[in-house]
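Scope of the values below: all heavy atoms of this structure, side chains included, with no hydrogens, waters or symmetry mates.
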Amino acid sequence: MIIDDNDDIQDISVFDDLEFNDKTVNKVVTKTDEFETIEEIDDFDDFEEIELSEIIIRPEAINDLDVSKELINDSILKHLYYEGEMTGLELANKMRVPYNNVIEVFLDKLLKQKFVFYEGGRGFGRSSMKFALSDTGKDAAKRALELNNYVGPLPVSLDKYKKMFTSLNQIVSMRLNVLKDLLSDLVLPDNFYYNIGPAINSNHSIFLYGPPGNGKSVVADKIARALEGSITIPYAIEIDGQIVKLYDKIFHTIIEEHPLDKRWIKIKRPYVFVGGELTYNMLNLNFDPVSKVYEAPLQLKANGGVFLIDDFGRQKEAPSLFLNRWIVPLENRFDILNLSSGKSFIVPFEQLIIFSTNIDPKDLVDEAFSRRIRYKIGLQNPNPEMFLKIFIKLCKAKKVKYKLSEIESFFFYNVNNTPKIRAVLPRDLLEIIEKIADFEGIENEVNFYTLKKASEIGFIQNYSYDLNI
């Protein structure tokens, strides 16, 4: 509903008398009551050589945008309201839609309705004329803003988004030699490569468990960052008249905008990572009562890439709450989301999801959930040979002198308490030993004395004491 020139509320749409099936693009001559100009050709014409996709097509008319005309109209009003004045081309660029046959059509109608007026020009051609809102137009813009404050690239329909993921290329398969090269700076048991390789290629789910400090987080991070390829996502999705923001600059790295429809962006495969800060609310649509716009949940942002939940079980909320939330997506490869109105809808769940934990799996996962996580891979404490190999490798990398016999003696033959053997222990001790050497004015060397001092400083000692309060 809009207000006409006499401020009477009408139940007819502003679009009722428009013809939206015209596929003509790049009209050269434009006539109005005021002037006749040669129209500027928009930048979509530079990509005629690109083969059209069945999903993403060059929008040549309003119907090609696959969203309601009211949504487009409201977007124009809101942009003009916030900017004050804009040219037709500036509107087209901000909304990532063509000027010809889209923005120009709506501006013509808004001019007739006296919602906008000409404010001047910034160059040659009608598309460079500046437009501003009239008082009536500002009232209409405020009503649009009451629905939501979203101003940005025009959203795409949920149907188009779902179709895009039905044609999504799978993650490029990892090979043994590539995986070993990727993790070459780590010392890992041979069977670990053979176990985790097929899990990566499954593009399904991995439960990575084991004692803390043995490289689970590092391994998961390296794998996620190394996965090749790109996917195409929209900036935002329209669902039942509501806007869901999908693009997140924290997790999405833009390669380029799609040359046919710039509402879509080509990005590197997403890598979404969370730890102890994860809350149940992050897995559902998050409605902002101020902007009246939804933020996509983390798993939706991770589609086509990797979703890493580090330190699983350390969140403030019970693990069972998260596990129950993921049972359906893991089993069926789709997720069910809900708008605040109560409307439910289905979205794809296509990602490699990794649960990394140092808590005993028996204390976290029941049989029903364990069955749905296809790959369960443990990373245990290094054996003495691996531990010494890690220590020597780090000493050489940091150019620190070491006495191998004294390292062996301290950790494996010392009757006194020593830190638990962990893969991360050499790194931590070397950092402390460097500070000890600097403070005491001694050589930075790994020997029995520096190991003992570093252990006393860096690790809680096994003794009891009384608090004298």
- To the nearest 0.5 Å, atom CD1 of Ile390 lies from atom CZ of Arg427 at 11.5 Å
- Task: Would you indicate whether Lys78, at its atom NZ, is surrounded by more than 12 heavy atoms from other residues, nucleotides or ligands within a distance under 6.0 Å?
- Result: yes
- Message: Would you say NZ of Lys292 has more than 12 non-hydrogen atoms from neighbouring residues, nucleotides or ligands within 6.0 angstrom?
- Response: yes
- Atom of Gly304, atom of Phe165 and distance for their closest heavy-atom approach: N-CE2, 3.7 Å
- Taking atom types as modelled, is there a side-chain donor on Asp221 or Tyr271 under 3.5 Å from an acceptor on the other? yes
- Please name the pair of heavy atoms, one in Ala302 and one in Pro270, separated by the smallest distance, quoted to 0.1 Å. O-CG, 3.7 Å
- Query: Judged by atom type as modelled, is there a donor-acceptor pair below 3.5 Å linking the side chain of Asn303 to the main-chain atoms of Pro348?
  - Reply: yes
- Do other residues, nucleotides or ligands put more than 12 heavy atoms under 6.0 Å from Lys268 NZ? no
- Message: Can you confirm if the NZ or CZ of Lys376 lies within 45° of the ring axis of Phe207 and under 6.0 Å from the centre of its six-membered ring?
- Response: no
- Of Tyr209, Phe322, Trp326, which is the lone residue that meets ring pair (Phe, Tyr, Trp, His ring centres under 6.0 Å) with Phe355? Trp326
- Message: Heavy-atom count check: over 12 atoms from other residues, nucleotides or ligands less than 6.0 Å from Lys245 NZ?
- Response: no
- Validation row, ring centre Trp264 to ring centre Tyr247 under 6.0 Å: no
- Between Phe334 and Phe349, ring centroids under 6.0 Å: no
- Message: Could you check, using the six-membered ring where one of them is a Trp, whether Phe117 and Phe131 have ring centers closer than 6.0 angstrom?
- Response: no
- Query: When the ring planes of Phe287 and Tyr294 are compared, do they come out parallel, tilted or perpendicular, using 30° and 60° as the limits?
  - Reply: tilted
